[in-house]
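A short worksheet on the structure shown next.
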Amino acid sequence: MKHQLLHATLLFLANSLLPAAVGAQIIAVGGSHSLAMCPDGTVWSWGWNYYDQLGHGTISQSTVPVEVNGLSGAGIISISGGNSHSLALTNNGTVWAWGWNNYGQLGDGTSGGNGCSCIGNPNCCHQLAAQVGGLADIISVAAGMFNSLALRNDGTVWAWGHGLYGQLGNGTTADEHAPVQVSPVFGGSITAIAEGSYHALALKNDSTVWAWGKNYNGEIGDGTNIQRNTPVQVISLSGVVAIAAGGSTGGGFSLALKVDGSVWAWGLNSSGQLGDGTGLSQWTPVLVSGLTGITAIGAGIGHSIALKNDGTLWAWGNNAYSQLGNGTINQYTPVPVDPAYGGNITAIATRWTHSVALKDDGSLWAWGHNDKGQLGDGTTIDRSTPIQVVLLCEIATDVAGVPEPSSVTVIPNPTIGKFIINGPEGFGTTSLEIRNVIGQEVLRSTFNGTRSEIDLTSQPSGVYFLTIRTAGQVISRRVIKE
């Protein structure tokens with residue numbers, strides 16, 4: 001049975017800061033969902049879940065983060081969000097996938113069929129993460145519209161899922177339900193990959209960029225609009241250190257960041273997403289106007305974002321859903337994202353019509369379209385400026401800050417109100433406090449070290465932060481009350 005969480009206390013977040021907590025490490029954005037990884041290796045997701053892309057197994061659409069089941073202890077080091085599926089990479093080089101599988105984008109050898117329904121078709125959707133077959137020694141993953149991409153440590157690239165537009169790069173237009181190698185016509189080794197909706201990019205070890213797939217608007221960057229079923233080199237582009245690919249069924253575009261901090265773009269430009277001030281599509285790279293000192297880039301459906309070396313954010317392109325984060329109309333050259341987040345941003349992620357940014361204190365901030373709760377602020381209200389995501393990463397540490405093995409468990413979690421805290425023998429009696437997401441203390445009690453029952457039935461549904469303090473350590477646990 002699926003549950004819809006009610007988060008009454010979360011409505012106060014628009015004007016409140018979350019209590020201090022250990023921050024997220026890695027972020028990713030999908031079509032209408034978002035993902036984050038905490039320092040303890042757990043992966044959390046929020047937003048739309050019609051195709052089980054949240055990976056929780058029981059929950060429907062969620063406006064606040066819920067843990068992806070089956071990945072705890074797997075050693076996750078990277079995550080990626082597609083249109084309606086998600087990927088995770090482990091430290092042993094294996095790839096895990098969940099969500100919609102209508103074209104075989106989960107890579108397990110099956111497919112539910114184009115447009116399949118999750119109901120009554122076990123091949124159509126996977127509620128829980130499952131390993132992608134036939135892959136080893138993977139160092140990077142990227143999820144596209146209906147396909148997936150992986151980079152191996154030998155510099156080869158592998159793809160699976162939808163292939164109609166040549167986006168698998170293996171010389172055909174057939175769908176593949178298990179990984180196949182992208183044609184290595186680029187020679188040498190690939191160091192980075194990026195997925196658009198129907199095209200893909202790869203960065204080679206000589207700092208050149210290669211592309212393949214749909215090319216109706218010049219998103220391949222080879223000076224033509226001819227579909228490419230195998231990789232071709234992007235014209236007149238060198239010294240590249242990062243790549244990003246965006247677009248939708250209406251057309252794609254591409255971004256490249258050079259070592260000098262400049263950004264270059266090509267492809268569809270109907271909303272100004274190339275940032276050159278023209279609104280004209282470009283079949284070869286053009287310089288994005290007025291940007292210097294850029295350290296990271298991201299591409300959505302019709303908008304782009306960039307992170308500057310001073311920790312500020314810049315955006316340009318379509319702003320129909322406030323995805324530029326500054327309350328303006330469409331912009332054909334970069335404009336600053338409203339600095340509501342304060343401080344410095346260290347990482348960015350965007351897709352479709354919303355974005356998520358990671359701040360240097362570990363907090364997450366999001367803005368743009370929020371009809372499915374993909375901003376993670378407990379509402380479904382679009383945000384024209386960044387608002388903080390309700391994500392309280394948890395970790396136990398001793399006084400020296402060294403991670404402590406998980407010695408305290410909360411069962412059940414999520415809970416409807418009452419739950420049990422279990423600890424190891426000899427832990428001893430100590431203090432316990434619980435705060436809500438806006439930092440208010442709602443309960444103070446004692447923990448006898450072995451088993452204590454806690455009652456939150458009188459509190460509103462939402463996310464709570466449980467803290468146990470002893471003479472030598474502070475242990476924190478997140479509690480979700482349904």
Side-chain angles (χ1 to χ4, degrees), residues 144-145 194-201 203 208-226 228 232-258 260-308 313-326 328-337 348-355 368:
M145 174 80 84
E195 276 278 17
S197 292
Y198 298 115
H199 78 292
L201 304 177
L203 177 61
T208 60
V209 179
W210 295 69
W212 60 95
K214 193 174 183 179
N215 194 28
Y216 290 5
N217 297 279
E219 53 263 53
I220 300 301
D222 66 344
T224 77
N225 66 344
I226 300 171
R228 300 297 185 180
V232 296
Q233 187 173 350
V234 177
I235 290 177
S236 304
L237 194 61
S238 60
V240 175
V241 295
I243 50 178
S248 66
T249 54
F253 68 102
S254 306
L255 301 176
L257 171 62
K258 284 193 175 185
D260 62 2
S262 63
V263 181
W264 296 73
W266 60 99
L268 184 66
N269 197 26
S270 57
S271 299
Q273 57 264 51
L274 301 191
D276 66 344
T278 70
L280 301 175
S281 297
Q282 304 288 341
W283 293 1
T284 57
V286 295
L287 179 65
V288 176
S289 300
L291 287 181
T292 59
I294 300 303
T295 60
I297 51 177
I301 280 186
H303 76 288
S304 306
I305 60 174
L307 172 61
K308 198 171 178 179
L313 294 171
W314 296 75
W316 60 98
N318 195 309
N319 200 37
Y321 295 101
S322 302
Q323 57 264 51
L324 300 190
N326 58 10
T328 65
I329 59 174
N330 293 3
Q331 297 291 321
Y332 290 79
T333 56
V335 294
V337 173
I348 51 177
T350 193
R351 193 110 187 154
W352 297 110
T353 51
H354 76 289
S355 301

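Residue I235 holds its CD1 atom at 11.5 Å from CD1 of I220, rounded to the nearest 0.5 Å. Here the CG atom belonging to L237 is positioned 10.0 Å from the OG1 atom belonging to T284, to the nearest 0.5 angstrom. The distance from the CD1 atom of I297 to the CG atom of L291 is 10.5 Å, given to the nearest 0.5 Å. To the nearest 0.5 Å, atom CD of residue Q331 and atom CG of residue N326 are 6.0 Å apart. The structure places CH2 of W283 at 7.0 Å from OG1 of T224, a figure rounded to the nearest 0.5 Å. Rounding to the nearest 0.5 angstrom, the gap separating the NE2 atom in H303 from the OG atom in S322 is 11.0 Å.
Not counting sequence neighbours, the partners of S289 by the side-chain contact (heavy atoms from CB on, under 4.5 Å) test are T333. Under the rule for a side chain to side chain donor-acceptor pair (under 3.5 Å), S197 has no partner lying at least two apart in sequence or in another chain. Looking at residues two or more places apart in sequence or on another chain, you find a side chain to side chain donor-acceptor pair (under 3.5 Å) between E195 and N147. S271 pairs by the side chain to side chain donor-acceptor pair (under 3.5 Å) definition with N318, not counting sequence neighbours. For W352, there are no side chain to side chain donor-acceptor pair (under 3.5 Å) partners, not counting sequence neighbours. A search for salt bridge (charged side-chain N to carboxylate O under 4.0 Å, His left out) contacts involving D222 returns R228, not counting sequence neighbours.
Judged by distance alone, with hydrogens and angles left aside, the side-chain atoms of W316 form a donor-acceptor pair with the main-chain N or O of Q273 at under 3.5 Å. T350 places a side-chain N or O within donor-acceptor distance of the main-chain N or O of H354, the cut-off being under 3.5 Å. Of the possible polar contacts, one joining the N215 side chain to the I226 backbone as a donor-acceptor pair under 3.5 Å is found.
What you find for N217 and G251 is that their closest heavy atoms are ND2-CA, 3.2 Å. Residues G221 and P285 come closest through the heavy atom pair O-CD, 4.3 Å. Between L268 and G250, the shortest heavy-atom contact is CD2-O, 3.9 Å. Smallest separation of non-hydrogen atoms from A299 and L255: CB-CD1, 4.1 Å. Residues N269 and D276 come closest through the heavy atom pair ND2-OD1, 3.1 Å. Residues G196 and A245 approach most closely at N-CB, 3.4 Å, considering heavy atoms.
A side chain to side chain contact (heavy atoms under 4.5 Å, CB included) with S262 is found for exactly one of L287, V288, I294, namely L287. Across E219, H199, Q282, a single residue satisfies side chain to side chain donor-acceptor pair (under 3.5 Å) together with S254, and that is H199.
Side-chain contact between K308 and T292: present, with at least one pair of heavy atoms (C-beta onward) separated by less than 4.5 Å.
For the residue pair W210/T208, the side-chain donor-acceptor check at 3.5 Å is satisfied.
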Trace of the side chain to side chain contact (heavy atoms under 4.5 Å, CB included) decision for I348 with S355: CA-CA 7 Å; I348 51 177; S355 301; over 6 Å; no
Between L313 and L307, does a side chain to side chain contact (heavy atoms under 4.5 Å, CB included) hold up when you go through it step by step? CA-CA 5 Å; L313 294 171; L307 172 61; 3.9 Å; yes
